[in-house]
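Note that the coordinates shown come from a computational prediction; the quantities given were computed from them, not determined experimentally. Just so it is clear, the values below take in all heavy atoms, side chains as well, and ignore hydrogens, waters and symmetry mates.
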Amino acid sequence: MTKPSLDHLLADLNEPQRRAVECPGGPLLVLAGAGSGKTRVLTNRIAFLIAAQGVKPHEILAITFTNKAANEMKERVESLLGPIARTMWVSTFHAACARILRKEAQQLGYQRNFTIYDAGDQVRVVKRCLKELGLDPKRFPPKGIHAVISSSKNRLVDAEAFSEMVENFFDDTVAKVYTLYQKKLFANNAMDFDDLLMRTVDLFQRFPDRLEHYQKSFRQILVDEYQDTNHAQYMLVNLLAKQHRNICVVGDDDQSIYSWRGADVRNILDFEKDYPEATVIKLEQNYRSTQVILSAANEVISNNSDRKAKELWTDLGEGEPVRVAEMDDEHAEARFVAGEISRLERDACFRAAEIAVFYRVNAQSRVLEDTLIRYGIHYRVVGGTKFYERAEIKDALAYLLALDNPSDSVSFNRIINSPKRGIGAASVTVLSRFADAEGTSMLEAAARAGDIADLRPAAVNAMAAFSATMSQLAESAKSAQVAEILEETLVNSGYLEALSAERTVEAEGRLENLQEFVGVAEEYDSLHPDGSLREFLQEISLYTDIDKMTEVEEAITLMTLHNAKGLEFPVVFIIGAEEGIFPHSRSMEEQNIEEERRLCYVGMTRARQRLYFTYTTTRNLYGSRNYNMASRFIGELPEDLVEFERSRTTHGRFSGGMTGRVRFDDDIGEVDEPATSDEPNFFNVGDDVVHATFGSGVVIGVERGGTVAVRFAADGSERKLMVDYAPLRKA
DNA sequence: CTAAACCGACTTTTT
DNA sequence: GTCGGTTTAG
């Protein structure tokens, strides 16, 4: 790869973009509106610094919020500069901190193989703390306590500082839990997500030479999505930038939607106060959406106070009006969306992959999914229950973590009786007490189960067997590749066998997930032939599903508005635009309307060509019926840019007989509704059916979501099957 | 110790 | 409506 010419790096940039790329150094604030080409500015700027300013790649620290964004940036810079770009630090805050902390672990008394606990693990530890302190989890909900601890860490308030500023009884209790919680993490040689940030700042403050070392080495620092940084992250970058003051932050205050996670818009709003000599550049030309969409979004967001004035514009042309549809209920809404999608694919030649539906809460996706299945529209859901949060994946992961870090008691507790080994809560408590008394890990204690007087013989045997399995696995883990270790673990632990023995549809799915996990490990092995289990775990622990979201199959995309940030689609539906849903009732209580409005702005500005809003007059959510008004955000749309329509429903018509084939054939979606009665994939209770594998049977139940329950003649087993996927037909 | 029954929570979640 | 956690019965 030859050096790119500077012209190449500056070509096709507009004036402000070019100024941002060329800015030689010093503090730089780029206010980048949605779709204004900020990623391009960021990558070209990095390349420019290296090619024209003589900055070495390893002197660059570029921070993004997702691994996906980091990888994309790395790739793009690499395509500009070639492999030397690989020595750059391009990563998330958490990954950068983990890297630093692994190197400096001894300074803080940690071992470098510390485990990183995710949110679920964290709550589990809090629960244990509550138990040990004899506190009632009803009065002190673990999740709530954890939230306080987490937000304290994000504000760099450690357990000690927290204890000193206690103001009431509740906080006093939290302080005790917080202190014990930290003690436990340390004993487990573990850190939680928030620790990664807080402890790195702590490291820098306690060991100035360490700070100086990193300050010196990072000559240029760039931070993306700066509006979403929390206090700890703010401190981190500002500490690191102190020496060279070459700090470039990019963001958009109008897209700050994570304040509830500790993000502080002040960080970006006050940048010019922090750095009075800062260069400020606004990117307002949008290369994504039609002018109608932008004008509508501008109008909505202008209802917010306390923002940096910004007005997006485009030369892509006016475009279609924003369409707003009122529907009777969530089913009609779903049918409207499905009908429009069919129409767009047929008449306007949009591909499924170009269409997305956004909603405020995950629970809204279910009805939509049911309907899409019935319409035969392929979809994929981003977010929701995440792959790495599924029980079986966490179990498998816990085995690997325990092999790598024997001190990790959270992982130990997870796997000691999974699969069932007859080691119940009582035995584990005894074991835990023994481990504490002896000052050893629980795994070590299990190996010495025979020495523990209070254990039942059966439990002793089970623990000895478990311990033997673990040491055998640890032994072979020394030389094997990750995928082999994983497979061996699943087999030798008996996990796979227990799952297979269940013979249920659920277990089937879990086995598939585990297979996929093995696939992930195989991919890692082939990508990193010299990798280790530890490095694999490191990568996995900071990984989320969104990272691997690629536009592969032809399917529409379903996700929450939060997950939509940073993405774009030619066609966007925002559903459930109702007071109480969006804006969400919780945010209204907390007076966070402005953040909801920013969320709306984010959603709208994802759309390239077509934008839809839908709302319903009545909605069933969480099992009860609600009557909502249209969202205030609908009212904030400029009338002349909107095309409004209402479902032409005759109210009160229901097709009777709840046999699982309830249909309302009375609204706009009607034209595209597939026929039900002669559908090949439609079954009623009592139908005789034949399955390719299981043989003949009878339908004993019809459920929502295109699922039928079938009892099979061969073995009398009852299975739930997806009619659209299962090889099932009427006899 | 395990399985069934029961109870209540439930916004969003880049790491 | 569903999940996860806790209680209770076997």
Next on the checklist: Starting the side chain at C-beta, find the nucleotide from B/dT12, B/dT15, B/dT14 nearest to A/Thr560.
Outcome noted: B/dT12

Item to check | Atom-pair distance (NE2 on A/His584; P on B/dT13), nearest Å | outcome: 11 Å

Checklist outcome for this item: Rounded to whole Å, the CG-P distance (A/Leu558 to B/dT12) equals 15 Å

Checklist entry - Taking CG from A/Asp264 and P from B/dT14, how many angstroms apart are they, rounded to a whole number? => result 20 Å

Checklist outcome for this item: On a heavy-atom basis, the closest approach of A/Ala446 and A/Phe412 is CB-CZ, 4.1 Å

Item to check | Candidate nucleotides B/dT14, B/dT15, B/dT11, ranked by approach to the side chain of A/Arg360 - the nearest | outcome: B/dT11

Next on the checklist: Each nucleotide in nucleotides 5-10 of chain C should get exactly one letter: B, S or -. Can you fill that in based on protein heavy atoms under 4.0 Å?
Outcome noted: S-----

Item to check | Spacing of A/Asp118 atom CG relative to B/dT14 atom P, expressed in whole Å | outcome: 11 Å

Next on the checklist: Please find the pair of heavy atoms, one from A/Pro583 and one from A/Met588, that lie closest to each other, and give the distance.
Outcome noted: CG-SD, 3.8 Å

Next on the checklist: What's A/Ser427 touching, base or sugar-phosphate or nothing? Going by heavy atoms closer than 4.0 Å.
Outcome noted: sugar-phosphate

Checklist entry - With respect to the phosphate group of B/dT13, does any side-chain polar atom (N or O) of A/Asn362 fall under 4.0 Å of OP1 or OP2? => result yes

Checklist outcome for this item: Heavy-atom nearest pair, A/Ala32 first then A/Gln255, reads O-NE2, 4.3 Å

Next on the checklist: Classify the ring geometry of A/Trp260 against A/His562: parallel below 30°, tilted from 30° to 60°, perpendicular beyond 60°.
Outcome noted: perpendicular

Checklist entry - For the pair made of NZ in A/Lys143 and P in B/dT13, what is the distance, rounded to whole Å? => result 12 Å

Checklist entry - Think A/Asn563 has a side-chain N or O under 4.0 angstrom from the OP1 or OP2 of B/dT13? => result yes

Next on the checklist: Using a 4.0 Å heavy-atom cut-off, does A/Phe93 contact any base of the nucleic acid, only the sugar-phosphate backbone, or nothing at all?
Outcome noted: nothing

Checklist entry - So, does the side chain of A/Arg366 form a donor-acceptor pair with the base of C/dT2 at under 3.5 Å? => result no

Checklist entry - Between A/Lys38 and A/Glu225, is there a side-chain N and carboxylate O pair less than 4.0 Å apart? => result yes

Checklist outcome for this item: From the candidates B/dT14, B/dC1, C/dG1, the one with an atom nearest any side-chain atom of A/Tyr622 is C/dG1

Item to check | Pair A/Tyr615 + A/Phe582: ring centers closer than 6.0 Å | outcome: no

Checklist outcome for this item: A/His562 atom NE2 is separated from B/dT13 atom P, nearest whole Å, by 7 Å

Checklist entry - Are A/Tyr359 and A/Ile581 side-chain neighbours, meaning at least one heavy-atom pair lies under 4.5 Å? => result no

Checklist entry - Within 45° of the axis and under 6.0 Å from the centre of the six-membered ring of A/Phe358, does NZ or CZ of A/Arg606 qualify? => result no

Checklist entry - Between A/Ala426 and A/Trp260, which has a closest nucleotide on DNA chain B that is more 5'? => result A/Ala426

Item to check | Whole-Å distance separating the CG atom of A/Asp228 from the C1' atom of B/dT12 | outcome: 12 Å

Checklist entry - In terms of side-chain heavy atoms of A/Lys420, which of B/dA3, B/dT13, B/dT14 is nearest? => result B/dA3

Item to check | Closest nucleotide among B/dT2, B/dC1, B/dT13 to the A/Arg456 side chain | outcome: B/dC1

Checklist entry - Is there a stack between A/His94 and B/dT15, judged by ring centres under 5.5 Å and planes under 30°? => result no

Checklist entry - Just checking A/Leu196: base, sugar-phosphate only, or nothing, at a heavy-atom cut-off of under 4.0 Å? => result nothing

Checklist entry - When we call it a touch if two heavy atoms are under 4.0 Å apart, what does A/Asn230 touch: a base, just sugar-phosphate, or nothing? => result nothing

Next on the checklist: Heavy-atom nearest nucleotide on DNA chain B for A/Ala363 versus A/Asn417: which residue maps closer to 5'?
Outcome noted: A/Asn417

Checklist entry - For A/Arg586 and B/dT12, what is the distance between atoms CZ and P respectively, to the nearest whole Å? => result 10 Å

